[in-house]
Amino acid sequence: MVSIAPVRLRLGVNIDHVATIRNARGGAHPDPVRAAQIVAEVGGDGITAHLREDRRHIRDEDLIRIQAATNLPLNLEMAATDEMLAIALRHRPHAACIVPERREERTTEGGLDAAGQHNRLAPIVAQLSDAGIRVSLFIAPDPRQIEAAMQLGAPVVELHTGEYAHAEGEARAAELARLGDMAALAVHCGIEPHAGHGLTYENVQPIAAIPHLAELNIGHYLIGEAIFVGLETAVRTMRDLMDDARAPASPGRGG
Ligand code: PXP
């Protein structure tokens, strides 16, 4: 593999689960907008939100309020449906990450089959791109999916780190190697690689150390941790871990 200078690794914070807690009582508290403002104050690089078909967390009106409340780029995670396409074209987020979505799943399980769904995805990617929205495809770290993303003209892929996060021992090491190889392949194909899903303080550093990655999107763990230490501290701690993983090794520094 060609060695490259690491790019700065951005941190996008997924604030969906602030809305999950709010929705549990049907009121207005806690407000995901306040979370977005805190993320902006502590140096987060972007806000990520997944508008699901069943609106179980973020809702349409949240998108408007989040966009109005901070200057951070909004990364809208969306299913490849006509409804979501219309919403994205109306709200014009900075980026749209196309994810597979099944109503019964607890979270986004598995990556998008970009290879098998070319004809369905092509017009959606084209319309988002024509509107100036940076399209990302949430895919498994698989060369077929990177190839498909290239065929679709997607400028960004987000590599699904769920398998890595759930694996242990050798299986985790193998998945990490796969993620590193696919990040490098994406760059080779002219695609900016991002990564996310299931990342925590414990497992983020080997991912952050992959030099080709430009962005991590992290949600559930940060919002959960915020219950105990506050969102500011949770985001700062994650940022520090990411920076530490990217810092050049120096004598006396642990490996
Ligand atoms: N990236 C994408 C595309 C996602 O769909 C999600 C949430 O499902 C995340 C990142 C964040 O994952 P997590 O909440 O596990 O950190």
Side-chain angles (χ1 to χ4, degrees), residues 9-21 32 35-36 39 44-58 73-81 84 88 93-114 121 125 128 133-142 145 149 154-167 175 179 182-183 186 191-205 207-208 210 213-227 231 234-235 237-239 241-242:
L9 183 60
R10 296 190 300 270
L11 172 59
V13 178
N14 181 318
I15 57 172
D16 288 345
H17 295 302
V18 178
T20 308
I21 298 172
V39 171
D45 299 289
I47 301 297
T48 293
H50 184 176
L51 188 70
R52 279 186 170 264
E53 187 192 11
D54 62 7
R55 308 299 196 270
R56 70 174 76 155
H57 32 63
I58 292 294
L74 175 66
N75 173 31
L76 175 66
E77 293 177 359
M78 53 175 270
T81 63
M84 288 302 150
H94 166 77
C97 180
I98 303 180
V99 302
E101 188 176 309
R102 283 180 295 123
R103 191 175 263 276
E104 68 279 10
E105 70 188 358
R106 254 182 299 170
T107 180
T108 313
E109 292 158 8
L112 188 71
D113 183 12
L121 294 171
V125 172
L128 291 168
I133 300 167
R134 199 152 189 252
V135 179
S136 161
L137 304 179
F138 189 43
I139 56 169
D142 172 341
Q145 300 299 344
V156 176
V157 291
E158 181 166 329
L159 301 175
H160 199 310
T161 50
E163 285 227 13
Y164 159 83
H166 294 132
E175 192 59 19
L179 287 158
M182 291 309 107
I191 297 175
E192 183 174 283
H194 299 177
H197 205 91
L199 296 177
T200 67
Y201 294 162
E202 182 267 326
N203 66 23
V204 74
Q205 288 201 302
I207 297 293
I210 296 172
L213 289 177
E215 181 173 306
L216 300 184
N217 283 300
I218 308 182
H220 184 268
Y221 183 82
L222 282 176
I223 303 307
E225 204 42 31
I227 293 169
L231 187 56
V235 173
T237 305
M238 190 61 84
R239 178 78 255 174
L241 288 166
M242 288 164 55

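Owing to the predicted nature of the structure, the values given are computational and were not obtained by experimental measurement. Just so you know, ligand 1 is whichever comes first in the structure, and atom 1 is the first atom listed for that ligand.
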Between [X] and ligand 1, does any nitrogen or oxygen pair lie at a separation below 3.5 Å?
| X | answer |
| --- | --- |
| Gly198 | yes |
| Ile218 | no |
| Glu158 | yes |
| Asn217 | no |

(request) Measure from atom 7 (C) of ligand 1 to every heavy atom in Asn14, Val13, Leu199, Leu112 and give the option owning the shortest one. (result)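 Residue with the shortest heavy-atom distance to the ligand atom: Asn14.
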Check: [Y] main-chain N/O paired with [X] side-chain donor or acceptor under 3.5 Å:
| X | Y | value |
| --- | --- | --- |
| Asn217 | Gly196 | no |
| Tyr201 | Leu241 | no |
| Asp45 | Leu11 | yes |

(message) Can you classify the ring geometry of His160 versus His197 as parallel (below 30°), tilted (30 to 60°) or perpendicular (above 60°)?
(response)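 Taking His197 first and then His160, their aromatic rings sit tilted (interplane angle of 30° to 60°).
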Nearest-contact summary for [atom] - protein heavy atom, Å:
| atom | answer |
| --- | --- |
| atom 12 (O) of ligand 1 | His197 CA, 3.4 Å |
| atom 16 (O) of ligand 1 | Gly219 N, 2.7 Å |
| atom 14 (O) of ligand 1 | His220 N, 2.8 Å |

(request) Quick one: look at Glu77 and ligand 1, take heavy-atom pairs under 4.0 Å, and tell me if it's side chain, backbone, both or neither. (result)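 The answer is the side chain of Glu77.
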(message) Please report the interatomic distance CZ(Arg10) to CZ(Arg239), rounded to the nearest 0.5 Å.
(response)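 It is 10.0 Å, given to the nearest 0.5 Å.
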(message) I'd like to check which ligand 1 atoms, numbered from 1 as shown, lie under 4.0 Å from a non-hydrogen atom of Val99.
(response)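 Here the atoms of ligand 1 in question are 3 (C).
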(message) Taking the basic N atoms (NZ, or NE/NH1/NH2) and the acidic carboxylate oxygens, is any pair closer than 4.0 Å for Arg52 and Asp54?
(response)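 Judged by the 4.0 Å cut-off on N to carboxylate O distance, Arg52 and Asp54 do not form a salt bridge.
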(request) Might you point out which heavy atoms bring Met238 and Thr200 nearest each other, and give the distance in Å? (result)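 What the structure gives for the nearest pair is CE-C, 3.7 Å.
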